[in-house]
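One structure is given here, and the rest of the page talks about it.
Hydrogens, waters and symmetry mates are skipped; everything else that's a heavy atom, side chains included, is used. Chain identifiers are assigned alphabetically (A, B, ...) following the order of the sequence lines, protein sequences preceding nucleic acid strands; residue numbering begins at 1 within each chain.
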Number of protein chains: 2
Amino acid sequence: MQITLKDIARMAGVAESTVSRALNDKPGVGKETRLKILKIAKENNYRPNQLARGLAAKKTNMIAVILAEMDSPGNIEIVKSIEKAAEKRGYQIILCNTNNQEDKEESYLSLLESNQVDGAIFIGGKLVGSHLLKASFSQDNRIVLVNRLAEENFFTSVLTDYSQGLYKAVEHLLKENFKKIALVCGNRDNLVEEEKISGYKNALRDSGLEVNEELIFSTANNRQAGYNVFLEIIEGDVIPDSFISTRELTTIGLVEAIKMGGYFIPDDFAVVGYGDNILTSVIDPPLTVLGEPVEKLGKSSLEFLLELINEKMDSQQIKVLTPELIIRESSISKYN
Amino acid sequence: MQITLKDIARMAGVAESTVSRALNDKPGVGKETRLKILKIAKENNYRPNQLARGLAAKKTNMIAVILAEMDSPGNIEIVKSIEKAAEKRGYQIILCNTNNQEDKEESYLSLLESNQVDGAIFIGGKLVGSHLLKASFSQDNRIVLVNRLAEENFFTSVLTDYSQGLYKAVEHLLKENFKKIALVCGNRDNLVEEEKISGYKNALRDSGLEVNEELIFSTANNRQAGYNVFLEIIEGDVIPDSFISTRELTTIGLVEAIKMGGYFIPDDFAVVGYGDNILTSVIDPPLTVLGEPVEKLGKSSLEFLLELINEKMDSQQIKVLTPELIIRESSISKYN
DNA sequence: TTGTAGGCGTTATCAC
DNA sequence: GTGATAACGCCTACAA
């Protein structure tokens, strides 16, 4: 059995409250008493019971990071950034994976509702469901969204400017003389994907080109889907000369399919992929990618959350960060 | 403010204890009363405060999964497997990342000590430190180790038989007529790495070959280290004709360096890498790898932990699973 | 079947 | 500076 405050109080011959004060560095304890208490605590390897502490203080110093998918190295990087920032501020992270399942999201949300964590950061995921919306009101809004859009902007959020990212990517490909750019993006029930599409369209239009809806493909975010969509595309009526893929795993599958089909990148098809991380960097040829500002996304989201928790935020905030186009071989025209 | 048991009791005109029983599916509540209580709870979107529940019942239905490194796709797969198994049994997972730092491990261990979780699974990591050992006694041993060795086997563990894995890999390379097999493994303060080395040595000896210690290289587990060790090796006295790399990230870097140096795989150097996952599968040429039984590792570890928690385990157990050698192009001799 | 009361380990609010 | 004492929200004997 663990040793408790009460035990220490008895050993030191003082009251529980005094021990509590001493152990929490609070004023109102004599120097001698404090030292004595600290010594006893250490000798007995005392560990405060966080449950009791949380119950009494309504504060746990833990925050939940709720991840829509764990397969994405980019997301993992964001988590690591949050973790780093949290550590500095004395917070612990607990990571929860929802696998894009709403019910799981709901069940993890109860960590917040039952005060097991002081706040929550949601990374990625589809449209914001009703339970989350409800939580945004009832839970004092101790929630920050990362790379996730809600139809109504009730949430403090940190977002990547996907529209601008896609715009840059199209611009780049056009400059390299690629004319028929296919867009491989996600399902449109995810608002983030809609934004990508709009960036893509705007760039084309601003260059005086028409948008061909047949060159926009919505797929699931996994390798197989990326692979399959290429097969589908080369069987189709309109054959593109280049691809922009907006998610990591899809990018992997797409590149794989192109190479498997005996085609060359960028000679036959140029590719702009997604995510500047180990996964995409391993691919041959070196891939031009749209890189998320993962470090900043993580750091900013934690800062926002702490402001919310400490009630230092006057109104709900939204921060938009710009993705970076990292140009490598896969999108450089050889005939330029 | 959240609604509490007491509120519901008041609304239903019954005692708190009755509400508690009703909500927890415990016997001793009239059907009518139970229905009424359930209805009120639902209408008011009641969520039990898990802190209070945990404090009173000394049971949280949460388990901590403590990860030495988050960069490894293999580890992530194990986590997902644990998660899947846990969900079926009504447990939630919280994921903690230690980055191989002992102090972090200790701080996460306090989740166990303060009863915030019912048990903990440690995945990977170096030698078991003193705090963990201490915990193994005082915390009723609600700890399971995955792919981690302790000097004294106090822990219930699920292990990959690295020795056998390496044995297989060497055997395979020898059969393919590679004679000078370099081993790129981790630091020897990690007992797991020692085991790999012993498998490597045994296979050589059993084939009547001598072990050349100069062909064994210990590096950190990251890409850069894998890259650097190759540069170091080709500058050295003994040039190998093949490599076995025992960790994912090192494998990536090693392959990169080989290709960067203008060498071909397997023509100039054969490679057996580590981890059958998306990261290694993306590499060109297709890599022969030692694949961990990630699915089983996760599932077994959770089962063990639940047995420990429910005190259904008579004595400490160890399960050893066999890794699989997945043979692809990178280790097939062209002159065979 | 239901209610009462005590306790889980801590923090916070008073007095003294 | 220190000590009682009452929360925090829930569970679990035990009594009714």
Check: With the threshold set at 4.0 Å, does a side-chain nitrogen-carboxylate oxygen contact exist between B:Glu32 and B:Lys39?
Finding: no
Check: Atom CG of A:Asp7 and atom C1' of C:dT10: how far apart are they, to the nearest Å?
Finding: 13 Å
Notebook entry, point to check: Please give, in whole Å, the distance from C:dC8 P to A:Asn49 CG?
Noted result: 12 Å
Next item on the list: Would you work out how much the helix from C:dT1-D:dA16 to C:dC16-D:dG1 bends between its ends, with each end axis defined by five base pairs, to 10 degrees?
Entry: 40°
Item checked: A:Lys80: which of B:Asn99, B:Asn97, B:Asp71 passes side chain to side chain donor-acceptor pair (under 3.5 Å) -> B:Asp71
Check: Within the pair A:Lys6 and C:dG7, is there a side-chain N or O less than 4.0 Å away from OP1 or OP2?
Finding: no
Margin query: Just the rounded figure in Å: distance from P of D:dA6 to CG of A:Leu55.
Written below: 17 Å
Next item on the list: Could you check how far CD1 of A:Ile3 sits from P of C:dG9, rounded to whole Å?
Entry: 12 Å
Checklist line | Separation of C:dC8 P from B:Gln116 CD (nearest whole Å) | finding: 19 Å
Check: Are B:Glu69 and B:Asn100 linked by a side-chain donor-acceptor pair shorter than 3.5 Å?
Finding: yes
Note to self: Let's see if you get this right: which residues in residues 28-38 of chain A place a heavy atom under 4.0 Å from DNA chain C?
What the structure shows: none
Check: B:Glu16 and B:Arg21: salt bridge (charged side-chain N to carboxylate O under 4.0 Å, His left out), yes or no, with the steps?
Finding: CA-CA 9 Å; B:Glu16 287 180 48; B:Arg21 282 188 288 257; over 6 Å; no
Notebook entry, point to check: Can a salt bridge be assigned to the pair A:Lys59 and A:Asp118 using a cut-off of 4.0 Å between side-chain N and carboxylate O?
Noted result: yes
Notebook entry, point to check: Quick one: what's the B/S/- string for nucleotides 11-16 of chain C, heavy-atom cutoff under 4.0 Å, read 5' to 3'?
Noted result: BBB---
Notebook entry, point to check: Can B:Glu303 and B:Arg89 be counted as an ion pair, charged N to O under 4.0 angstrom?
Noted result: no
Next item on the list: Quick one: closest heavy-atom pair of B:Met70 and A:Ile76, and the distance?
Entry: CE-CG2, 3.4 Å
Check: Will you find, in the side chains of B:Arg53 and B:Asn61, an N or O donor that is under 3.5 Å from an N or O acceptor?
Finding: no
Note to self: Show the nearest heavy-atom pair for residues A:Thr60 and A:Asn115, with the distance to one decimal.
What the structure shows: CG2-O, 3.3 Å
Notebook entry, point to check: So do the side chains of B:Leu159 and B:Arg148 get within less than 4.5 Å of each other, counting heavy atoms only?
Noted result: no
Item checked: Nearest-angstrom distance from the residue atom CG of A:Asn115 to P of D:dC10 -> 10 Å
Next item on the list: Taking only Lys NZ, Arg NE, NH1 and NH2, and the carboxylate oxygens of Asp or Glu, determine whether B:Glu106 and A:Arg47 approach each other closer than 4.0 Å.
Entry: yes
